[in-house]
Engineer: 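My questions all concern the structure below.
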2 protein chains.
Amino acid sequence: MDGIHKPADQLFENSKQTASARIFNELLQAILSGQLIPGSKINEAELAARHGCSRGPLREALQRLEGLHLILREAHVGARVVSLSDQQLTELYQIREVLEGLACRLAAQHMTERAKDELRRLLDTHRRYLEDGGHQKYYPQSGDLDFHYLLIRSSQNALLLRQLGDELYPLLQLYRRQFRDSGYQQPQLAFKEHLHIAEAIIEGDGELAEILMRKHIARARKRLKHILTT
Amino acid sequence: MDGIHKPADQLFENSKQTASARIFNELLQAILSGQLIPGSKINEAELAARHGCSRGPLREALQRLEGLHLILREAHVGARVVSLSDQQLTELYQIREVLEGLACRLAAQHMTERAKDELRRLLDTHRRYLEDGGHQKYYPQSGDLDFHYLLIRSSQNALLLRQLGDELYPLLQLYRRQFRDSGYQQPQLAFKEHLHIAEAIIEGDGELAEILMRKHIARARKRLKHILTT
DNA sequence: CAAGCCAATATTGTTGACAATCTACTGTAT
DNA sequence: ATACAGTAGATTGTCAACAATATTGGCTTG
């Protein structure tokens, strides 16, 4: 019979996405990539035209972005991309500190052997990264995020994964771009801390893993604060 | 001249609210009050008619509710009120535990004398509540929330206030209704724990306050788990 | 010249109609 | 009787026009 096989691109979910969902993803990327700059005003008609849909779906996408605190809206006035203060960055790190600490504690309780192997491989990759190239500045941001992400996923707490991955991390990414924070400036030290955290988790010591992760993030926060105040 | 004086209800801000914002609040209340029952399907046309607006603003309100994880939507299928599992309730308490712990630590650092007085007065009110009426079941839910809310507000962390107050607490309220958890079953014990937490905060001992709050919530979680599994 | 009002314009909020998709029902063949 | 295909109905997604509100610029007045 005809019509059984679908076009190739319809095998991927993004082809059947609604306009609202598609434009949301496009705007999200635009914000996180810096294409839409913090503080700039958003014109609904113009944006809708640029993304090839009417204002209805665009407004639904804006509503979603507002829920993620990536834009601010005021009735009858309009929306603008958030522009974040030092204070808010500190607040974000404080929350991240306790939530990722929780993730570590839970990961230590729940991590499977398979996930532990994945963790070991990831750290080996990072180690080679630091040994091979002497260019320490290129400590992989995504790789680092992979470390944190792996632990969060291993926590077996779906709500926590959503809170951190879907809500806090995009904000963090935006902050980093806005403050031109390219990531770790002492990659060897960071890697060492990662090693200790991983060790605690693999041994199943959740309380230690939580403490270490909290100190790890608190240190990054203090470093950031120091940079911002000077 | 005629028409200067507006009807009384227009003196309040909700009169100038957009239809989208108004319907969002109405739906939020409907969900939290149990008027819209968990798992039930939402019909856009019907709901819009019932709340006196068209589907546009209604859909924006639904998008916002979805961001709070109070409803689930599927493209071309529709939205339904979330129905939550024991597992998710546990996850929620785990997150609440560390976030409110953080709130206590920060509150101990930042609380003003004025806020400390407010805290003392609140606890006095609770004490009288327990002493006067022998009906210990009536430990005020809102009053308890007031205790936690006061601490969260005192943390001076706006993002934390948003995460807990706007996102986690509505979910918690929904859970409580769904599982018919009417609140503390050992109000004297809870009050005693509140006293200790408050004492640590007033003394400025953030670390102790954090530990006590975490234990306080962890205890509630374990009690809940025990009830659910029996 | 500054401050404040007023109209013209631009932008956001809302609506009802139309298109796309899913759901439920009926009829048919095995 | 059951399983399946097809169709009619219901529901969601999208659009373009209209209403309500804010912003801009010019004008008047002190």
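Below, read A as the first sequence line, B as the second, and so on, with proteins coming before strands; counting in each chain starts at 1.
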Engineer: Output all residues satisfying side-chain hydrogen bond (donor to acceptor under 3.5 Å, both in side chains) with Gln94(A), sequence neighbours left out; order by chain, then residue number.
Structural biologist: Asn157(B)

Engineer: Specify the residues of residues 55-81 of chain A, ordered by number, for which at least one heavy atom lies under 4.0 angstrom from an atom of DNA chain C.
Structural biologist: Arg55(A), Arg59(A), Arg73(A), Ala75(A), His76(A), Val77(A), Gly78(A)

Engineer: Just to verify, what does Glu66(B) make a side chain to side chain contact (heavy atoms under 4.5 Å, CB included) with, not counting sequence neighbours?
Structural biologist: Gln63(B), Ile71(B), Arg73(B)

Engineer: Suppose we screen for side chain to side chain contact (heavy atoms under 4.5 Å, CB included). Which residues come up paired with Glu118(A), at least two apart in sequence or across chains?
Structural biologist: Arg121(A), Leu150(A), Arg153(A)

Engineer: By side-chain hydrogen bond (donor to acceptor under 3.5 Å, both in side chains), which residues pair with Arg64(A), not counting sequence neighbours?
Structural biologist: none

Engineer: Under 4.0 Å, heavy atom to any atom of DNA chain C: which of residues 46-54 of chain B qualify?
Structural biologist: Cys53(B), Ser54(B)

Engineer: Check residues 41-49 of chain B and write down every donor-acceptor pair under 3.5 Å in which the side-chain atom is one partner and the other belongs to a residue at least two apart or another chain.
Structural biologist:
unit_1	atom_1	unit_2	atom_2	d
Asn43(B)	OD1	Ala45(B)	N	3.1
Asn43(B)	OD1	Glu46(B)	N	3.1
Glu44(B)	OE1	Arg55(B)	NE	3.1
Glu44(B)	OE1	Arg55(B)	NH2	3.1
Glu44(B)	OE1	Arg59(B)	NH1	3.4
Glu44(B)	OE2	Arg59(B)	NH1	3.0
Glu46(B)	OE2	Arg50(B)	NH2	2.8

Engineer: Tell me every residue that passes side-chain hydrogen bond (donor to acceptor under 3.5 Å, both in side chains) with Arg162(A), counting only those two or more places apart in sequence or in another chain.
Structural biologist: His69(B)

Engineer: Partners of Arg120(B) by side-chain hydrogen bond (donor to acceptor under 3.5 Å, both in side chains), sequence neighbours excluded?
Structural biologist: Asp117(B)

Engineer: Contact class for Ile23(A) vs. all strands (heavy atom < 4.0 Å): base, sugar-phosphate, or nothing?
Structural biologist: nothing

Engineer: Could you pull out every donor-acceptor pair under 3.5 Å between side chains of residues 77-88 of chain A and any protein atom, sequence neighbours left out?
Structural biologist:
unit_1	atom_1	unit_2	atom_2	d
Arg80(A)	NH1	Gly39(A)	O	2.5
Ser83(A)	OG	Gln178(A)	NE2	3.3
Ser85(A)	OG	Gln88(A)	N	3.2
Ser85(A)	OG	Gln88(A)	OE1	3.2
Gln87(A)	NE2	Glu91(A)	OE2	2.8
Gln88(A)	OE1	Ser85(A)	N	3.0

Engineer: Quick one: does Ser40(B)'s side chain have a donor or acceptor within less than 3.5 Å of a partner on Leu36(B)'s backbone?
Structural biologist: no

Engineer: Extract, from 5' to 3' on DNA chain C, the first and final nucleotides lying under 4.0 angstrom from some heavy atom of chain B.
Structural biologist: dG13(C) to dT23(C)

Engineer: Under the side chain to side chain contact (heavy atoms under 4.5 Å, CB included) rule, collect the residues that match up with Arg114(A), sequence neighbours excluded.
Structural biologist: Thr112(A)

Engineer: In whole angstrom, give the distance that lies between atom CG of Asn43(A) and atom P of dT24(D).
Structural biologist: 13 Å

